[in-house]
**Student:** 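Supplied in structure tokens, the structure appears directly below.
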Amino acid sequence: MTRPIRILLVEDNQADADLTMETLEAGKLRLQIKLAIDGAEAIDYLRGAARDSKTELPDLILLDLNLPKKDGRQVLREIKAEELLRRIPVVILTSSDAEQDILKSYDLGANCYVTKPVGLSAFQSIVRCVENFWFTVVKLP
Amino acid sequence: MSKSSPIDQLENRTLADKLFRFVVEAAPNAMILVDHDRLITMVNKSAEELFGYAREDLIGKPIECLVPNRFQQGHSEHVREFLSAPQTRAMGAGRELYGRRRDGTEVPIEIGLNPIETPDGFFTLASIIDITERKHADERFRLAVEAAPNAMLMVGADRRITLVNRKAEDLFGYSREDFIGRPIEDIVPERFRQKHPEFVQGFLAKPKTRAMGAGRELFGRRKDGTEMPIEIGLNPIETAEGLVTLASIIDISERKRAEAAHEQLAAIVEFSDDAIIGKTIDGVITSWNFGAERLFGYTADAAIGRNIAMIIPERCMEAELSLREQIRESHSVSHFETVRKRKDGTEIEVSVTLSPIRSTLGEITGASSIARDITEIKRRDAELKRSNAELEQFAYVASHDLQEPLRMVANYTELLAQRYQGKLDEKADKYIHYASDGARRMQRLVADLLAYSRVGSQGRPLVKVRSSDVLQGVLESIDRSIHESGASIEFGPLPDVLADEVQLRQLFQNLIGNAIKFRSDAPPRVVVKAIPNGDRWLFSVTDNGIGMEMQYADRIFQMFQRLNERGKYDGSGIGLAISKRIVERHAGSIWIESTPGAGTSFYFTLKPAEGGGI
């Protein structure tokens, strides 16, 4: 049996986090989801995993932009600056569709940018799309 | 005979006779002695010279030989009259007299008649003066008066008018004939008449050339009774008839009117709220109104004569010099916004309008400068901008931040519906439906509000845009809706305009979308046109849809206003409000013309692209 796919979900909104996790877990893939509720926790977790051989690094990071303590953009900058972390694909999953956020994210090395759509089914379908694309279409490092 | 000659009193008649002859001969005038039968009995040398006869040729001839033919008939009559009441007097009072020379030519003369009674009978001694020279002088004088640019009147000591020129006729409305002999008071307004003779007396007592009525306003009265303001110059002239006065009169109505207009203008300038300043081309202040006193704190006395540089901050001096250059080149400068310095050193923002001042020769000698204090306007403007920006920011933040919790409400009520539809009772299903429907509607409103606030906050600069390309792009993006509704969209050539392309696209999309949405049973037909209208392009989007009552024409452009009941037509009613906001951001206007059942036309105006022309 292959190992489950590891996802780090960085999301401060518990309701959104639940919805995302529920949708991801409803899929066919075997997933192991770690939730960080702010930017600082996310960075701590990643750095810890990079140092500690017992904890595996995630295969994919779903990152919200507007986060307490450490902003999503800062988290992204730090991930992309670290040797051991920068190859992990980062998907920005946010409610913002402002152009400056989109451009800034790609400048900082985001691997893709997804705006949370309005409406449950649209949201569910987007999350499934992301899951499907990154874990069945794309070859991960 | 009632009259006697002094010769009678001489004792020695022969001596008297000799003396008489001697006096007559030596007289500088022509003298002719005529007897009772009108025969010439004696002439002197001057008479010979005047009439061109030798003495012998005249003695014994009737006096009529010296009278031109045309006067001969009347002459014997006049002689009879004289003889019936002989007295020393001038002949032909009021008539012009002429003598006839031997060669038949005529000479203007003046004749004095003296009856002489002697023992030899009754004689008349005529003393004759050749007045040719005087006539010439008179004629020259008359022509000069006639040619004068002013009205001229000659008035005798008896205050009667003896001479007028053409201008006087024109000015007072009397003909020359009507004028002559009238008392001068006839052309003095009634209220001044009583005092006038006194003034005339005063003048005649000390006759010298001067202006009349120094310090008083003078008026003339026309024949029709109307009056006019006049100026009068008086010239005393000594003549053979005594002292006469030549009055030169100017109608100053025009000047008075111009003065009144000038005074009015001066008052307007003086009391204007704006500072109005006159200055030479080098900036020396020549006039300074109340507005300038108030605005800059210097009195007119303190400012006039100083250089305008005293109210110009050092850093603005360069701009001032370039403005002066423009004035020198006879350009005006309108509403130039700059900063000026008050007497107390504080600075004020002003809008300055400058125009060249020219001398009567057309040369630019200075500039008029109108300065308006715009400190307050600027402050309000900035405040308005800030408050608008804050409002926009508020709308943006409010709608943006509302979205997040709303999404949660919407998503979880929907999740509830997904998971538990049919698993609870009917009422629960209904409540869940209401909750998610409400949340969806609110999401829509918040999204629309966000879109509306973004028209102002997220707008891009206005640049040259091909409106036909934008429309084409819109039609491609709503191709599905056009196809499904069976709509036909027509448009002719459309101009280049000054626009934010994204917003112009949204505008077209809203209006065409509207036309398709509110269609009648017939397939929608939409026509887009643009025609020049003043300095703007006037666009129209016309449909054959359901139309509407014009009483709602304003309401449809307000936010969240809907004319139709919810459910019949989709939408929150933000589209036209956004359209209006877009057009207004482009400094245009938008309105509607519609007839229920016949269709609707939306009109909006846009500025042409620079260099695009109209």
**Student:** More than 12 heavy atoms of other residues, nucleotides or ligands under 6.0 Å from NZ of A/K34: yes or no?
**Tutor:** yes
**Student:** Quick check on the structure: residues of residues 17-24 of chain A within a heavy-atom distance below 4.5 Å of chain B, by number.
**Tutor:** A/D18, A/L19, A/E22
**Student:** For residues 90-117 of chain A, give me every residue with a non-hydrogen atom less than 4.5 Å from any non-hydrogen atom of chain B.
**Tutor:** A/S95, A/D97, A/E99, A/K116, A/P117
**Student:** Go through the atoms of B/R454 and report whether side chain, backbone, both or neither lie under 4.5 Å from a heavy atom of chain A.
**Tutor:** side chain
**Student:** Quick check: closest heavy atoms across B/Q418 and A/L120, and the distance to 0.1 Å?
**Tutor:** NE2-CD2, 3.4 Å
**Student:** Take a 6.0 Å sphere around CG of B/D469 and say whether it holds more than 12 heavy atoms from other residues, nucleotides or ligands.
**Tutor:** yes
**Student:** Considering residues, nucleotides and ligands other than A/R87, do more than 12 of their heavy atoms fall under 6.0 Å from its CZ?
**Tutor:** no
**Student:** Tell me if the CZ atom of B/R466 is crowded by more than 12 foreign heavy atoms within 6.0 Å.
**Tutor:** no
